[in-house]
Amino acid sequence: MKTINTINNKKVFFDGLHDGIPIGLGYLAVSFSLGIAAKNAGLNPLQSFFASMLCNASAGEYAGFTLIAAGATYIEIAIITLIANARYLLMSCAMSQRMSPKTPLGHRLLMGFYITDELFGISIARQGNLNPIYTYGAVAVAAPGWAVGTALGTIAGNLLPLRIVSALSVALFGMFLAVIIPPSRKSKIIAGIIIFCFTASYCASCVPYISQLSEGTRTIILTITISTVAAILFPHKTDEEDKDEA
């Protein structure tokens, strides 16, 4: 039994490793500009490397580096970072509903620590209960890519034009499409909700008052509103309900 579990976990780990490669490459490119912000805040490459290893969120890190450059206090940095990363609380709640009740607390804490938009996307898209081993496989590529990219950006400083740095981030958009297109092709409801989410997100960035909110706050409001309405109008049927209808 242990041999079977070991073989299965090894396969699941390499599945995560495989799915994490494009994320790691995207992180390597995107975090490069984050490293430039770290350099402007006075951090050296080693400090920026560990900053990205301990904070897996671009918005939170940008806010932190900006506050460091402005000479903010630790409390101010902690509060702003918490607000910028508040959307991950929702992702944690969603992932907890997909985990086996037998999952140890240690695995839950590690998975919670490594929740990012991209890692959440590939994890939640898998069928069945979430296996922490899959997340660890993806993290094994994604986390070093994020930290190394930040350090390289700090080393390069402002040597590269910002247009080139921005162009490198296109890889992440391709990865997002790879996450949302397969389920949208299987379900017209999901496809419609995805299109509505894009439209609502754009409108929220233009509507007075709402557009003045931070991107993280807007994401939380849209996520709660759209997911609640979608759950009421298009409830997800369980396997038992599908069998009864058949």
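Basis for what follows: all heavy atoms, side chains included, without hydrogens, waters or symmetry-related copies.
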(message) Does any part of the side chain of Lys39, heavy atoms only, come nearer than 4.5 Å to the side chain of Asn44, both counted from C-beta?
(response) no
(request) For side-chain contact (heavy atoms from CB on, under 4.5 Å), just list the numbers for Arg126 and Asp15, CA-CA rounded to whole Å, side-chain angles, deciding distance to a tenth of an Å, and then say yes or no. (result) CA-CA 11 Å; Arg126 289 176 64 84; Asp15 286 344; 4.2 Å; yes
(message) Once rounded to the nearest 0.5 Å, what's the spacing between atom OG of Ser187 and atom CD1 of Ile194?
(response) 9.0 Å
(request) Determine yes or no for a side-chain-to-main-chain donor-acceptor pair under 3.5 angstrom, with Thr228 supplying the side chain and Ile224 the backbone. (result) yes
(message) If we ignore hydrogens and angles and just use 3.5 Å, is the side chain of Ser201 paired with the main-chain N or O of Cys197 as donor and acceptor?
(response) no
(message) If you apply the rule side-chain contact (heavy atoms from CB on, under 4.5 Å), what do you find for Leu119 with Ile115, and how did you get there?
(response) CA-CA 6 Å; Leu119 294 178; Ile115 286 182; over 6 Å; no
(request) Look up atom SG in Cys55 and atom CG in Leu34, then write down how far apart they are to the nearest 0.5 Å. (result) 8.5 Å
(message) Is there a side-chain contact between Leu110 and Tyr136 in this structure, where contact means two heavy atoms from C-beta onward sitting under 4.5 Å apart?
(response) yes
(request) May I ask you to test the Tyr134-Ile122 pair for a side-chain heavy-atom distance under 4.5 Å? (result) yes
(request) Would you tell me whether Thr116 and Tyr88 have side-chain atoms, one donor and one acceptor, within less than 3.5 Å of each other? (result) no
(request) Starting at CZ of Phe113, measure out to OG1 of Thr135 and round the result to the nearest 0.5 Å. (result) 13.5 Å
(request) For Ala143 and Tyr114, work out which heavy atoms get closest and say how close. (result) CB-CE2, 4.1 Å
(message) How close do Gly60 and Thr81 get, counting heavy atoms only, and between which atoms?
(response) O-OG1, 4.1 Å
(message) Is there a side-chain contact between Leu17 and Phe14 in this structure, where contact means two heavy atoms from C-beta onward sitting under 4.5 Å apart?
(response) yes
(message) Grouping I, L, V, M, F, W and Y whenever their side-chain heavy atoms are under 4.5 Å apart, do Phe50 and Leu28 come out in a common cluster?
(response) yes
(message) Is there a path of hydrophobic side-chain contacts, each under 4.5 Å between heavy atoms, that joins Val229 and Ile195?
(response) no
(message) Do Leu82 and Ile77 land in one hydrophobic cluster if side-chain heavy atoms of ILVMFWY residues count as linked below 4.5 Å?
(response) no
(request) Treating Ile, Leu, Val, Met, Phe, Trp and Tyr as nodes and any side-chain heavy-atom pair under 4.5 angstrom as an edge, say whether Phe198 and Ile181 lie in one connected cluster. (result) yes
(request) Keeping the roles fixed (side chain from Ser184, backbone from Ala191), state whether a donor-acceptor pair exists under 3.5 Å. (result) no
(request) Spell out, as yes or no, whether a donor-acceptor pair under 3.5 Å connects the side chain of Ser205 to the backbone of Tyr202. (result) yes
(request) Please examine the side chains of Trp146 and Glu61, heavy atoms only from C-beta on, and report whether any two atoms are closer than 4.5 Å. (result) yes
(request) Locate the shortest heavy-atom distance separating Ser31 from Gly145; write the atom from each residue and the value. (result) OG-O, 3.7 Å
(request) Answer whether the closest heavy-atom distance between the side chains of Asn131 and Asn9 falls below 4.5 Å. (result) yes
(request) May I have the step-by-step check of side-chain contact (heavy atoms from CB on, under 4.5 Å) for Ile226 and Phe196, ending in yes or no? (result) CA-CA 9 Å; Ile226 296 175; Phe196 181 79; 4.0 Å; yes
(message) Walk me through whether Ile221 and Leu213 qualify under side-chain contact (heavy atoms from CB on, under 4.5 Å).
(response) CA-CA 10 Å; Ile221 294 175; Leu213 300 174; 3.8 Å; yes
(request) Measure the spacing between CD1 of Ile68 and CG of Asn40 and express it to the nearest 0.5 Å. (result) 12.0 Å
(request) Identify the heavy atoms of Ser48 and Ala151 that sit nearest to each other, and give their distance. (result) OG-CA, 3.6 Å
(request) For Ala204 and Leu222, work out which heavy atoms get closest and say how close. (result) CB-CD1, 4.2 Å
(message) Taking side chain to side chain donor-acceptor pair (under 3.5 Å) as the definition, give me every residue that meets it alongside Tyr62, ordered by chain and number, with sequence neighbours left out.
(response) Ser33
(message) For Ala94, is there any backbone N or O sitting under 3.5 Å from a side-chain donor or acceptor partner on Gln97?
(response) no
(message) Can you give me the closest heavy-atom contact between Ala41 and Phe65, atom names plus distance?
(response) CB-O, 3.4 Å
(request) Verify the cluster assignment for Ile75 and Leu54: are they in a single hydrophobic cluster under the rule of side-chain heavy atoms below 4.5 Å apart? (result) no
(message) Working to the nearest 0.5 angstrom, can you tell me the gap between Leu130 CG and Phe120 CZ?
(response) 9.0 Å
(message) Keeping Ser52 on the side-chain end and Phe49 on the backbone end, is there a donor-acceptor pair under 3.5 Å?
(response) no
(message) Working to the nearest 0.5 angstrom, can you tell me the gap between Met95 CE and Leu90 CG?
(response) 13.5 Å
(message) Between Thr154 and Gly35 (side chain of the first, backbone of the second, donor and acceptor by atom type, cut-off under 3.5 Å), is there such a pair?
(response) yes
